[in-house]
Every structure is written in C-alpha cells, then in structure tokens.
Amino acid sequence: MLLKTVLLLALVAQVLVLENGLLRKPPMGWLAWERFRCNTDCNEDPKNCISERLFMEMADRLAQDGWRDLGYEYLNIDDCWIGGRDAKGNLVPDPKRFPNGMAFLADYAHSLGLKLGIYADMGNFTCMGYPGTTLDKVVQDAQTFAKWKVDMLKLDGCFSTPEERAEGYPKMAAALNATGRPIAFSCSWPAYEGGLPPEVNYTLLADICNLWRNYDDIQDSWSSVLSILDWFVTHQDILQPVAGPGHWNDPDMLLIGNFGLSFEQARAQMALWTVLAAPLFMSTDLRTISAQNMDILQNPLMIKINQDPLGIQGHRILKEKSHIEVYVRPLASEASAIVFFSRRTDMPYPYRTSLARLNFTSSKVYECCPPPCRPRTSTRVTSSVASRIKPTSH
C-alpha cells in the first residue's frame, strides 16, 4: 500500500509543484511557539497569552527595534489560535482572543512592512486539539488564508496517517497556488516520517514545500540544540544537497533570548544555524529581550552569511579529538564561512589550524567562531587560524 502511495504521489507531482517563486533565501522572522506555547488564559496572563494583542505588540517591536530592516519580516502564529468553524465550515479565530479577526491582523502586519504567517494541521485536530484541516477542507482553508491575506502557512501533521499526509501536503501546495496569492508553505511532513529516505522523498518535497521540519521540536535547552545538530550532522550527506533557494531544511526555532541557553550557547546556536542555511525564526519576547541577546540576533554579517544568495547549506568537515568541530559553508563570490565549534565543558581551549589543512584554495573567507564574524578577504591559504574557543556547556 505504501509503495502504491509513493508511486501515485510521484505520478501527480508534476501538476502539484508549488513553483511560487518565494523564499529564495532562508526566511527570517518571529514565531510564537517556543516562548509562548499554548497559553490561552488571557484573564490571568493578558500580556503573554496567544492573542491579537501579543502579535500586534511583537509586530511593533519587529518594526521599531530594527528587526524588520535586517530581514526579520515574518510574524508567525502557531497553534491555539483557532476558535472553530462557522456554519459554512470556514476556520475562524477565537473571538475573545482575536476580536478583530485574522484579516485585521494581516493588515496590521502589512502596514508595518511585515508578513503574517499562520498555522494549521493536516489532520483531524491540531497538535493541541483544535480543529484540523482534513482532506476535504484543504481547498477551503487555503482560500480562507488567501482571503485573510496571509503570507505563510505552517502545516503540521498531528492526528493524521501517512497516507493522509502523502495526499494532503501536495494537495495543499496546489490549493495555495490556485488562490493566486503568494503564500510560502512550511511543511512538517518529513518530521512525521522519520526525516529520511525512503520514507521521505526530498526531491518531491522540494517541489511541494518552501521549507520543512525534518526532526524533533526544539526545546529551551542546550541538550535539545545539540540533539538537533547531531541529527543534522549525522545525515548531512542526505540533507545538504536538498536545501537551496526556495526549499530549506528547518532545524526549528532560535532559542536566543529565552531561559535555557548561556551566552556562549546562544552565540553558538546563531553561528550554527547560520552555517546550516537555516530559517532564522526567533521565538522570544521582543519586548524584554536583553541588549546582549539582541546583538547576537542582529549581527549584520551573520545575517549576510545566512542570506547568501547561493543558498548552499554548510556541513561539518572536521571533528577533532579535542572536541572542536569545524563547519564550512560555501558563499557567493568564491567566499566561505567557517564556524569553529567547541563541545568542551571545562575551559577556553587554544585551537590552531590552517586554511590549507581545511582544504581551502580560495582566499575569501568569513571566520565565525561564533559571532561577531570577522572578514578575512586577503588571507593566504597557508595562513594559520588560531582561536581561544570558549566552552559551550556548563
């Protein structure tokens, strides 16, 4: 049965190709989930509940505090916004928490030069138990999102079967295209199939989705960051070639500014997500973020590397016995970005290598260990690279 499903999916792929021309660079923005989860108690916690107020306040911060101008343009809603379906079967937001509706919120975001993202689930229910988008509702929900002038859809996969996902994700891609509105499509599909071939056909996925979650949800801890990094590195030979302009691997949100990472760990996540050409979705409280964490997330050279037009995902090229790892990402104009990453937990470690040892024949390199980055546009390939790398765990 699974073989028949895969074959059928391959046969219809040509007519279901997304081809929306969006996300030629990894998307950047803010996403509610990691920091605010499914907090719906606006009586007890009006400032932090999933509500119109929260998203308008975050939109204000994106526009006024320099985020938008650096590329953080998406304001993304996650689960727990849905109030149900109306008499015609249309999704409607919770009327108490979103009293003016989603079209109002989209207009507000657009008035500030931002884009609005929304969440749905390819199943009977969302992951938190709200009404899902079943196969018979795919076209209707796509039309609803377009009517609201939404700019991105994240489609989760809770409470669905592999067969429903195999039919539903391509069907949603076609439905979004048919609306005539450019809506970026974020798919959780591969994460529900184990993230790897043969269950995941990445060639097909790249024709259907603009970005996709491959692996587990990130949690606010360094161990969670490392588990995701380890999975991506273990399977980098599979994952690296499938990423590129318009279709990105998504290792999940940036934790910077929350509670689980130290300063060094926060810098390391930013550097690693940058070299992986990952989407940069912050999930923190932009109203209270510290200047220190703001500096990490707003590092202009780090963002420039992440947004490199070639869109090539970086990979690990060296793992030392000293627990130092080296990651490289090829960039435009024959440049490269290098990340020297320490897994040591004891003390800063003096590490020395050379560009020649790292197999560089070009002299245009960005050295990121981690941010702030330093351009090395005239370094000879025989020059040594020396760093005192601080531990990232404690």
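Since the model is a prediction, treat every value here as computed from it, not as a measurement.
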Taking [X] for its side chain and [Y] for its backbone only, find out whether a donor-acceptor pair lies under 3.5 Å.
{"X": "Arg165", "Y": "Met122", "result": "no"}
{"X": "Arg316", "Y": "Leu318", "result": "no"}
{"X": "Ser322", "Y": "Glu320", "result": "no"}
{"X": "Arg53", "Y": "Cys42", "result": "no"}
{"X": "Gln298", "Y": "Asp65", "result": "yes"}
{"X": "Asn39", "Y": "Asp41", "result": "yes"}
{"X": "Asp86", "Y": "Asn90", "result": "yes"}
{"X": "Thr133", "Y": "Val138", "result": "no"}
{"X": "Tyr351", "Y": "Ser342", "result": "no"}
{"X": "Gln313", "Y": "Ala277", "result": "no"}

Between [X] and [Y], does at least one N-O distance fall below 4.0 Å, as a salt bridge requires?
{"X": "Lys137", "Y": "Asp141", "answer": "no"}
{"X": "Asp250", "Y": "Lys154", "answer": "no"}
{"X": "Asp346", "Y": "Arg344", "answer": "yes"}
{"X": "Lys96", "Y": "Asp94", "answer": "no"}
{"X": "Arg37", "Y": "Asp220", "answer": "no"}

Is it possible for you to say whether [X] and [Y] belong to one hydrophobic cluster, with membership spreading through side-chain heavy-atom contacts below 4.5 Å?
{"X": "Ile312", "Y": "Leu276", "answer": "no"}
{"X": "Met128", "Y": "Tyr192", "answer": "no"}
{"X": "Tyr130", "Y": "Phe125", "answer": "no"}
{"X": "Tyr349", "Y": "Leu358", "answer": "yes"}
{"X": "Met294", "Y": "Leu62", "answer": "yes"}

Calculate, to the nearest 0.5 Å, the distance between atoms [atom1] and [atom2] belonging to [X] and [Y] respectively.
{"X": "Arg343", "Y": "Ile324", "atom1": "CZ", "atom2": "CD1", "answer": "10.5 Å"}
{"X": "Ile118", "Y": "Met102", "atom1": "CD1", "atom2": "CE", "answer": "4.5 Å"}
{"X": "Tyr169", "Y": "Trp189", "atom1": "OH", "atom2": "CH2", "answer": "9.0 Å"}
{"X": "Cys38", "Y": "Trp33", "atom1": "SG", "atom2": "CH2", "answer": "5.5 Å"}
{"X": "Ser290", "Y": "Asp285", "atom1": "OG", "atom2": "CG", "answer": "11.5 Å"}
{"X": "Ser160", "Y": "Leu155", "atom1": "OG", "atom2": "CG", "answer": "8.5 Å"}

Residues, nucleotides or ligands: over 12 heavy atoms within 6.0 Å of His323 NE2: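 Counting neighbours around NE2 of His323, 12 or fewer heavy atoms of other residues, nucleotides or ligands fall under 6.0 Å, so no.
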Any pair counted as disulfide (SG to SG under 2.5 Å), so long as it reaches residues 291-330, sequence neighbours left out: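 Checked against disulfide (SG to SG under 2.5 Å) - neighbours excluded - no pair reaches residues 291-330.
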Side-chain touch [X]/[Y], heavy atoms, less than 4.5 angstrom:
{"X": "Asn100", "Y": "Leu105", "result": "no"}
{"X": "Asp136", "Y": "Gln140", "result": "no"}
{"X": "Tyr215", "Y": "Leu239", "result": "no"}
{"X": "Asp216", "Y": "Trp231", "result": "no"}
{"X": "Phe360", "Y": "Ile338", "result": "yes"}
{"X": "Ile289", "Y": "Trp67", "result": "yes"}
{"X": "Ser262", "Y": "Trp222", "result": "no"}
{"X": "Ser186", "Y": "Phe281", "result": "no"}

side-chain contact (heavy atoms from CB on, under 4.5 Å) assessment of Tyr327 paired with Thr274: CA-CA 11 Å; Tyr327 294 75; Thr274 291; over 6 Å; no
side-chain contact (heavy atoms from CB on, under 4.5 Å) against Lys115, all qualifying residues, sequence neighbours excluded: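 Partners of Lys115 by the side-chain contact (heavy atoms from CB on, under 4.5 Å) criterion, ordered by chain and then number, come out as Glu73, Tyr74, Asp151.
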Of all the heavy-atom pairs spanning [X] and [Y], show the shortest one and how long it is.
{"X": "Thr179", "Y": "Ala146", "answer": "CB-CB, 3.5 Å"}
{"X": "Pro190", "Y": "Leu205", "answer": "CG-CD2, 3.6 Å"}
{"X": "Leu255", "Y": "Gln269", "answer": "N-OE1, 2.9 Å"}
{"X": "Ile50", "Y": "Arg97", "answer": "O-NH1, 2.7 Å"}
{"X": "His247", "Y": "Val242", "answer": "ND1-O, 2.8 Å"}
{"X": "Leu280", "Y": "Met270", "answer": "CD1-CE, 4.1 Å"}

Met152 and Phe145: CA distance, side-chain angles, deciding distance, side-chain contact (heavy atoms from CB on, under 4.5 Å) verdict: CA-CA 9 Å; Met152 180 183 288; Phe145 300 144; over 6 Å; no
Consider only side-chain N and O atoms of [X] and [Y], and report whether a donor and an acceptor are under 3.5 Å apart.
{"X": "Tyr108", "Y": "Asp60", "value": "yes"}
{"X": "Arg267", "Y": "Asn299", "value": "no"}
{"X": "Trp212", "Y": "Asn249", "value": "yes"}
{"X": "Asn258", "Y": "Glu34", "value": "no"}
{"X": "Tyr119", "Y": "Asn76", "value": "no"}

side-chain contact (heavy atoms from CB on, under 4.5 Å) between Asp308 and Ile305, intermediate numbers included: CA-CA 5 Å; Asp308 183 76; Ile305 293 170; 5.7 Å; no
Qualifying residue, where the test is side chain to side chain contact (heavy atoms under 4.5 Å, CB included) with Leu31 and the options are Ile77, Asp252, Asp78, Leu75: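 The residue from Ile77, Asp252, Asp78, Leu75 that satisfies side chain to side chain contact (heavy atoms under 4.5 Å, CB included) with Leu31 turns out to be Asp78.
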Show which side-chain atoms of residues 21-30 pair as donor or acceptor with protein atoms under 3.5 Å away, not counting sequence neighbours.
unit_1 : atom_1 : unit_2 : atom_2 : d
Arg24  : NH1    : Pro245 : O      : 3.4
Trp30  : NE1    : Thr284 : O      : 2.7

Pair Leu261-Val225, side-chain contact (heavy atoms from CB on, under 4.5 Å): steps then yes or no: CA-CA 9 Å; Leu261 303 188; Val225 173; 4.3 Å; yes
Worked verdict on Asn214 versus Tyr202 for side-chain hydrogen bond (donor to acceptor under 3.5 Å, both in side chains): CA-CA 10 Å; Asn214 315 70; Tyr202 276 106; 2.9 Å; yes
